[in-house]
Novice: 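Okay, handing you the structure first.
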Amino acid sequence: MTSLVRAVNVEKRFGALHVLKGVNLEVKKGEVVCLVGPSGSGKSTFLRCVNQLEDIDAGLIWIADEPVGFERRGQSLHELSPADAARRRSRIGMVFQHFNLFKHMTVLENLTLAPRIVLRENEAAYLPRARALLEQVGLAEKANSYPAQLSGGQQQRVAIARALCVQPQLMLFDEPTSALDPELVGDVLAVMRDLAQTGMTMIVVTHEIGFARDVADRVAYFHDGQILEIGAARDVIGAPQHERTKSFLASVR
Amino acid sequence: MTLTTPIPVDEQPFDIRRRRHLGRWISGTIVLGLLALLAYSAATNPRFEWESIGGYLFAPAILNGVIVTLQLTFISMAIGIALGVILAIMRLSPNPVLSWSSAGFVGFFRGTPLLVQLIFWYNLSALYPVISFGIPGVALNANELITPFLAAILGLSLNQAAYMSEIVRAGIISVDRGQREAATAMGLTGGQTMRKVILPQAMRVIIPPTGNELVGMLKATALVSVIAVADLLYSAQIIYARNFDVIPLLIAVSIWYVVLTTILSIGQEFLERHYSRGTVFATASRSGLVRRMFATGRIARLDEGEQR
Ligand SMILES: Nc1ncnc2c1ncn2[C@@H]1O[C@H](COP(=O)(O)OP(=O)(O)OP(=O)(O)O)[C@@H](O)[C@H]1O
Ligand SMILES: [Mg+2]
């Protein structure tokens with residue numbers, strides 16, 4: 001079995017608010033899965049649970065056959081220490097809607113922070129990699145700029161390079177182009193497209209239906225804390241089965 | 001903006017004439033006149049005893065007082081900042097015991113006058129004649145342990161910690177939530193996130209009020225004269241208790257306070273510049289004082305003046 005991510009009956013509550021009501025999702029190694037759905041349906045929350053930015057209330061998420069937040073010993077699951085949980089997160093890259101670059105650090109410092117203090121690599125290992133990644137996202141000459149000196153699209157490409165700099169096995173994107181001016185969206189999507197070509201496993205929350213159709217292997221339609229419909233991108237987008245999926249897709253087109 | 005009528009190519013460049021700031025000249029003249037009167041009266045009133053002030057400025061006892069004042073300021077401030085950071089992090093912790101005890105500490109030390117706290121620490125031996133720290137076999141004489149200097153440090157630093165914790169907390173809260181989220185997502189631990197990501201950015205908000213606190217601390221150390229610590233003020237008091245040269249000594253002391261606070265303010269400016277890296281303000285500079293006052297000429301180039 002080559003499934004990298006396996007979410008089983010994931011539930012999440014914020015107080016009285018039942019946000020995830022049993023999400024089931026399997027993502028194979030090298031697969032690109034797009035999550036679409038109306039605002040408030042729980043897409044971001046689910047993504048944050050995968051990276052244990054939120055603890056889940058029921059169900060389990062497995063990544064590379066390890067349960068998120070736990071260590072498996074025989075038939076029992078032991079909650080991870082904060083330090084171990086942090087180490088697990090470093091194997092997953094995450095890209096946010098608002099970039100969240102560290103404002104007091106240069107672009108290069110943003111990229112090398114985690115390799116330096118989380119992975120404890122030495123400079124000879126991470127510096128060439130960071131520079132190569134900046135080259136790859138087309139921003140090699142911005143290495144010494146501060147985030148405030150970059151456009152939104154450039155910042156998001158730096159954020160992608162930063163997430164890749166820890167050499168993650170999985171990349172999570174939460175509406176990476178929603179905060180961008182329309183003319184800057186293309187550059188960021190192009191970088192993500194290239195990344196998908198390299199065989200990276202990606203879960204992408206997006207409203208870019210065109211991107212989902214062209215790049216995703218599968219598309220999942222989120223509704224009210226559950227996955228209502230999932231299938232090959234062409235099928236879900238081209239011929240949705242559910243009424244709700246149809247009306248949602250009609251509304252974002 | 002679009003121009004409806006194109007500017008003729010052969011037109012002369014405009015000669016821009018700035019307004020003459022008549023009001024500024026009048027108010028400036030009045031204030032300067034008052035200052036001159038004040039200076040004249042100070043210079044001609046023999047009771048200022050300017051010659052003896054010069055002597056007191058560098059008297060050994062006064063210089064010693066300057067050193068004690070600086071020691072009190074920097075030691076208390078260092079402890080106050082360190083403790084303040086801890087208190088702020090406790091206050092923001094999800095653990096209610098930590099959060100509430102921090103709030104209680106701040107409430108207590110902000111709620112009582114510093115002078116009372118100083119006298120309290122000075123008299124601690126009345127409350128605990130023997131201090132054992134709860135360790136069997138340890139029995140320290142409180143009277144010997146709590147010297148006036150230590151009582152001063154305790155009072156000043158604990159009080160400062162309460163104020164610093166509020167300043168640090170405001171700084172931490174000012175950092176966008178996404179910064180912590182990104183740091184956590186890439187595998188930084190809570191402590192690493194705080195040290196590498198949150199606090200360096202909070203500094204921009206923390207430093208200006210901390211600079212004020214440091215200047216305030218320097219002046220607040222004068223309170224320790226009531227518990228007989230030979231700081232700058234107390235050293236002067238000892239001298240004028242003998243020779244009744246009150247005014248010249250107080251002026252000498254004031255000159256020292258002004259010099260020291262000025263030096264601290266300059267240091268603050270450098271720190272602020274350092275921690276504003278990556279912000280838009282980092283590159284902004286101010287326009288000249290002289291130009292603001294006397295901008296009268298025909299400044300023809302718009303890239304000068306206000307635009308700078
Ligand atoms: N930390 C939180 N505390 C309380 N409620 C939350 C929290 N985070 C999210 N929610 C709520 O959970 C629900 C799902 O939010 P979520 O961000 O997952 O939606 P989404 O599908 O990503 O929507 P969008 O497309 O607008 O980003 C919303 O009602 C939101 O208000
Ligand atoms: Mg969202």
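Lettering of chains follows the sequences in order, A, B, ..., and the numbering in each one begins at 1.
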Novice: Could you walk me through whether B/D176 and A/K103 pass the side-chain contact (heavy atoms from CB on, under 4.5 Å) check?
Specialist: CA-CA 10 Å; B/D176 170 31; A/K103 299 188 181 92; 3.9 Å; yes
Novice: Of all heavy-atom pairs between B/A182 and A/F102, which one has the smallest distance, and what is that distance?
Specialist: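 The pair with the smallest heavy-atom distance is CB-CE2, 4.1 Å.
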Novice: Sequence neighbours left out, cut at 3.5 Å: what donor-acceptor pairs do the side chains of residues 80-95 of chain B make with other protein atoms?
Specialist:
from: B/S93; atom 1: OG; to: B/N95; atom 2: N; distance (Å): 2.8
from: B/N95; atom 1: OD1; to: B/V97; atom 2: N; distance (Å): 3.0

Novice: For the residue pair B/T189 and A/A86, what are the closest heavy atoms and their distance?
Specialist: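 Shortest heavy-atom contact: CG2-CB, 4.0 Å.
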Novice: Could you check whether any side-chain heavy atom of B/T184 comes within less than 4.5 Å of a side-chain heavy atom of A/Q52, counting everything from C-beta outward?
Specialist: no
Novice: Does any backbone or side-chain atom of A/R91 lie under 4.5 Å from a heavy atom of chain B? Answer side chain, backbone, both or neither.
Specialist: neither
Novice: For B/E181 and A/R48, run side-chain contact (heavy atoms from CB on, under 4.5 Å): C-alpha distance rounded to whole Å, both residues' side-chain angles, the deciding distance at 0.1 Å, then the answer.
Specialist: CA-CA 10 Å; B/E181 199 143 86; A/R48 293 162 54 78; 2.6 Å; yes
Novice: Mind checking the CZ-NZ spacing from A/R116 to B/K196? Nearest 0.5 Å is all I need.
Specialist: 5.5 Å
Novice: Assess whether atom CZ of B/F270 is packed by more than 12 heavy atoms of other residues, nucleotides or ligands within 6.0 Å.
Specialist: no
Novice: Report yes or no: does A/H104 contribute a side-chain atom to a donor-acceptor pair with the main-chain N or O of B/A202 at less than 3.5 Å?
Specialist: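 No, because the side chain of A/H104 does not come within donor-acceptor range (under 3.5 Å) of the backbone of B/A202.
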Novice: Which region of A/I92, side chain (C-beta onward) or backbone (N, CA, C, O), has a non-hydrogen atom less than 4.5 Å from a non-hydrogen atom of chain B, or is it both or neither?
Specialist: backbone
Novice: If only atom types and distance count, is the side chain of B/Q179 paired as donor or acceptor with the main-chain N or O of A/L101 below 3.5 Å?
Specialist: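 Confirmed, B/Q179 side chain pairs with A/L101 backbone.
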Novice: Can you check whether A/R89 reaches B/M186 side chain to side chain, under 4.5 Å on heavy atoms?
Specialist: no
Novice: Are A/L113 and B/V197 close enough that some pair of their side-chain heavy atoms sits under 4.5 Å apart?
Specialist: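 Yes; the side chains approach each other to less than 4.5 Å.
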